[in-house]
Visitor: 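I have a structure here, written as structure tokens, and I will follow up with some questions on it.
Numbered from 1 within each chain, the chains take letters A, B, ... in sequence-line order.
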Protein chains: 2
Amino acid sequence: MTRVVTIRDVAKAAGVSLSSVSRALNGGKHVSPRIARDVIEVAKRLGYRPDFLARSLRTRSSGMVGCLVSDVSNPLNATIVRAAEAKLREAGYLMVVASTANDPNRERAAADEFRGRRLDGILVAPGSGANETIWRELASGATPVVILDRDPIGDDGDPRWPAVLVDHRGGAKAATRYLLGLGHRRIALLTADAHMRPSRERIAGFREAFAEAGADPAGAQLCIQSTPMDFAQGDTLALLGGERRPTAIIALGTRILAGALRAARDLGLSVPRDLSVVSVGDTDLAAIHTPAITALRWSLEHVGHAAAELLLQRLRGDIAQAQSRALLEVDLVLRESCAAPRCS
Amino acid sequence: MTRVVTIRDVAKAAGVSLSSVSRALNGGKHVSPRIARDVIEVAKRLGYRPDFLARSLRTRSSGMVGCLVSDVSNPLNATIVRAAEAKLREAGYLMVVASTANDPNRERAAADEFRGRRLDGILVAPGSGANETIWRELASGATPVVILDRDPIGDDGDPRWPAVLVDHRGGAKAATRYLLGLGHRRIALLTADAHMRPSRERIAGFREAFAEAGADPAGAQLCIQSTPMDFAQGDTLALLGGERRPTAIIALGTRILAGALRAARDLGLSVPRDLSVVSVGDTDLAAIHTPAITALRWSLEHVGHAAAELLLQRLRGDIAQAQSRALLEVDLVLRESCAAPRCS
DNA sequence: GCCTTTCTTGAAATCGTTTCCAGAACACTT
DNA sequence: AAGTGTTCTGGAAACGATTTCAAGAAAGGC
């Protein structure tokens, strides 16, 4: 195997010093045009490729950003990750991912390792209960951090890091208002992880809509799925089979929606005649289901892009004009799954 | 900001040489127990954390592996990536991902950059037409490569790299045999990227089943979706609305299945009465659809794990006992979407 | 008690870059 | 022609670890 060609070889071959080669190759400032041309030509001929490790060591910048997310295989996260990755790659950064399965220990370990590897920045969406430990861990480093749809509030109440936030509150409010407008009075919100931002905001919006409309708040039923096992079918069966069952549901669009639809079918409830359904998140399932499910939609690509942009601003050092947060709006996509309730 | 603590600081504080610190911290061989204990204690007290970049530069091993995949946001890929990442992380490797959107140029660029970053190994599932260029690019390096469900055949006909292969042929054959057994004689296979391994193998298995059963091969209809735009709904409409329409379809379970189901609905075809459906891949959609769709299932986690394992064998240098490929079987999960065709 | 072997130890080299520094070359002004 | 900047250039010092090497110390065998 032939040894890899280093900057030293190029210098020798071109008959100049190491420093000149380095200067010629990056920037080209403080170097005469003739030498620059020669060096570049020789480097190409020899097939020289700079060693990022060595460069990183010297420049104290690894050219990599980390992405800490509960589970990349969740399509919602995956799309965000891909979008962010694409934008960061454009800017010359490599992205390393770590799925943590919502396990605080693994989150800590990953954050720890990210710092050891001197990553230039971190995108993070901590899972369930880990918020405190992982954020403390991150805070101890000087690495720029951007939060994905989580609360960036520190102990002192100040936003500690920039964040990309989705307006789940506004979305839930719009959906609820829509259902109330159709005449529904008992509506259930099926969501997960009540103490995390997305669900918390949704719940808030849900209740606000009831309050605004002057509807009986007892009609706003919550169904929290802490473990989205077997598509949450069991809980939904109980909910829909109960005495004062809701005439409409707003369900998280990944697995919970699937479980809810199946439960409805098992109970012989027809959508939208007996039950109106709104999906939180416009998934394939929602779009393709029969009938097609009305959905709250926000752009996952935007989330990824915005996060990457926020991080890049920090990395470029544009602290002055760097925004500290991005708020993404949520749309209600009307389809066929909602109707006025039958006289109850 | 306080400067980061290096091995030099530890040496000074412990009153020993740099080499002793290094020895004490890794392995602990060739160092007296007393010094080892002292050094470890001092290192912990000072909060020393080794710099991976510096270490990598010296040891010529970055501790990172790359993953080159067409699109991480595809749930199938995402699951594989997550599984591989988990296993590699256990072994101390970090994983960097690059989605290439099937763009040969981006694939090349990514492979290029991976090499520049001195990644220790690469997991790769090239998209469409890029096979040649990207493999040539990879072949020029000495980095261990593991192929994900693609043909690892080189110009000379020899398998160049280890690969994790899914038995799509066997799966398609089983599904086709099942449908033929139900009495279907006109079956359509809806798949994508006919020249890539997964679809090619499927097509082969599909035809083999027809041949084995002595059925008229003209009944084996192919519908190749090169662009899975709008869920391939248009093509499927034409197929199902045509003169000698198939009585059963086997459809790729991501978006094509969705388009097919919608097309069937639009044409007023009831599943399974008028049309039997088998999904290739057990997606949420297949499991939750009404009626539930019979599906070909293989474990994406296994693919990821197997790929990681194959790569780790190479990285550990167990070339001697390293396997060169893993073949994963495909099961047919029977549900409610298939029935005997009505007398035609 | 001396020689040989093994084990510890620290100094120094190395990995491949970038960057600081000082001197050289050159152009320009007076 | 001398003085004063400005731009190029190469040597050498980082960056922070690991690893080689040789010397010193301890242990063991006769």
Side-chain angles (χ1 to χ4, degrees), chain A residues 1-40 42-43 46-64 92 113 115-120 142, chain B residues 1-40 42-43 46-64 92 113 115-120 142:
Chain A
M1 174 202 158
T2 158
R3 225 175 50 64
V4 72
V5 34
T6 83
I7 200 175
R8 187 165 260 109
D9 304 321
V10 177
K12 196 160 299 177
V16 296
S17 75
L18 274 63
S19 9
S20 292
V21 176
S22 176
R23 279 187 288 250
L25 260 30
N26 357 333
K29 206 53 204 160
H30 293 290
V31 75
S32 72
R34 192 180 54 78
I35 289 197
R37 187 169 40 76
D38 286 3
V39 166
I40 289 174
V42 169
L46 264 49
Y48 166 76
R49 305 150 66 91
D51 183 327
F52 274 79
L53 259 48
R55 172 182 306 190
S56 300
L57 178 60
R58 181 61 231 239
T59 62
R60 324 201 52 61
S61 140
S62 63
M64 303 188 302
E113 186 157 6
R115 281 215 303 145
R117 303 246 184 189
R118 298 238 190 297
L119 298 196
D120 295 340
Chain B
M1 170 202 162
T2 156
R3 223 176 51 67
V4 72
V5 33
T6 83
I7 199 175
R8 186 164 261 109
D9 303 321
V10 177
K12 196 159 297 176
V16 296
S17 75
L18 274 63
S19 11
S20 292
V21 176
S22 175
R23 278 187 288 251
L25 261 31
N26 1 331
K29 208 52 204 159
H30 294 289
V31 76
S32 73
R34 193 182 54 78
I35 289 197
R37 187 169 39 76
D38 285 4
V39 166
I40 289 175
V42 170
L46 263 50
Y48 167 74
R49 304 150 66 91
D51 183 326
F52 274 79
L53 259 49
R55 172 183 304 189
S56 300
L57 178 59
R58 183 60 233 246
T59 62
R60 324 202 53 58
S61 141
S62 63
M64 305 189 300
E113 185 157 6
R115 282 216 302 146
R117 303 246 185 190
R118 300 241 189 297
L119 298 196
D120 295 341

Visitor: Quick one: list whatever passes side-chain contact (heavy atoms from CB on, under 4.5 Å) with I40(B), sequence neighbours left out.
Guide: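 side-chain contact (heavy atoms from CB on, under 4.5 Å) list for I40(B), sorted by chain: L25(B).
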Visitor: Using the side-chain contact (heavy atoms from CB on, under 4.5 Å) criterion, which residues pair with D38(A)? Sequence neighbours excluded.
Guide: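 By the side-chain contact (heavy atoms from CB on, under 4.5 Å) rule, D38(A) matches R34(A).
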Visitor: Please confirm whether the shortest side-chain N or O distance from S22(B) to OP1 or OP2 of dT18(D) is below 4.0 Å.
Guide: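 For S22(B), the contact criterion (side-chain N or O under 4.0 Å from OP1 or OP2 of dT18(D)) is met.
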Visitor: Go through R118(A) and V4(B) one step at a time and tell me if the side chain to side chain contact (heavy atoms under 4.5 Å, CB included) criterion holds.
Guide: CA-CA 11 Å; R118(A) 298 238 190 297; V4(B) 72; 3.9 Å; yes
Visitor: What is the separation between atom CG on L57(A) and atom P on dT18(C), rounded to the nearest whole Å?
Guide: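 Going from CG in L57(A) over to P in dT18(C) covers 11 Å.
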Visitor: OP1 or OP2 of dG16(D) versus the side-chain N and O atoms of R60(A): is any pair under 4.0 Å?
Guide: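 Looking at the OP1 and OP2 atoms of dG16(D), one of them is under 4.0 Å from a side-chain N or O of R60(A).
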Visitor: Is there a side-chain contact between R58(B) and the phosphate of dT14(C), meaning an N or O under 4.0 Å from OP1 or OP2?
Guide: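 Answer no for this pair, as no side-chain N or O of R58(B) is under 4.0 Å from OP1 or OP2.
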Visitor: What nitrogen or oxygen pairs link the protein and nucleotides 6-11 of chain C at under 3.5 Å?
Guide:
unit_1: dT9(C); atom_1: OP1; unit_2: S32(B); atom_2: OG; d: 3.2
unit_1: dT9(C); atom_1: OP2; unit_2: S32(B); atom_2: N; d: 2.9
unit_1: dT9(C); atom_1: OP2; unit_2: S32(B); atom_2: OG; d: 3.3
unit_1: dG10(C); atom_1: OP2; unit_2: S17(B); atom_2: N; d: 3.3
unit_1: dG10(C); atom_1: OP2; unit_2: S17(B); atom_2: OG; d: 3.4
unit_1: dG10(C); atom_1: OP2; unit_2: S20(B); atom_2: OG; d: 2.9
unit_1: dG10(C); atom_1: N7; unit_2: S19(B); atom_2: OG; d: 3.1
unit_1: dG10(C); atom_1: N7; unit_2: R23(B); atom_2: NH2; d: 2.9
unit_1: dG10(C); atom_1: O6; unit_2: R23(B); atom_2: NH1; d: 3.3
unit_1: dA11(C); atom_1: N6; unit_2: S19(B); atom_2: OG; d: 3.1

Visitor: Taking five pairs at each end, how big is the angle between the two axes of the helix from dG1(C)-dC30(D) to dT30(C)-dA1(D), to 10°?
Guide: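 The end axes of the helix from dG1(C)-dC30(D) to dT30(C)-dA1(D) are about 50° apart, to the nearest 10°.
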Visitor: Please list, chain by chain and in numerical order, all residues satisfying side chain to side chain donor-acceptor pair (under 3.5 Å) with S19(B), sequence neighbours excluded.
Guide: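 Partners of S19(B) under the side chain to side chain donor-acceptor pair (under 3.5 Å) test: S17(B).
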Visitor: Suppose the criterion is salt bridge (Lys or Arg N to Asp or Glu O under 4.0 Å): which pairs have a residue in residues 52-62 of chain B, not counting sequence neighbours?
Guide: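 Of all non-adjacent pairs touching residues 52-62 of chain B, none passes salt bridge (Lys or Arg N to Asp or Glu O under 4.0 Å).
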Visitor: Does dA17(D) have OP1 or OP2 sitting under 4.0 Å from an N or O in the side chain of Y48(B)?
Guide: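 Yes, Y48(B) has a side-chain N/O under 4.0 Å of OP1/OP2 on dA17(D).
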Visitor: Side-chain contact test, heavy atoms from C-beta onward, threshold under 4.5 Å: evaluate it for V39(B) versus S20(B) and give yes or no.
Guide: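 When only atoms from C-beta onward are counted, S20(B) and V39(B) do not touch, as no gap falls below 4.5 Å.
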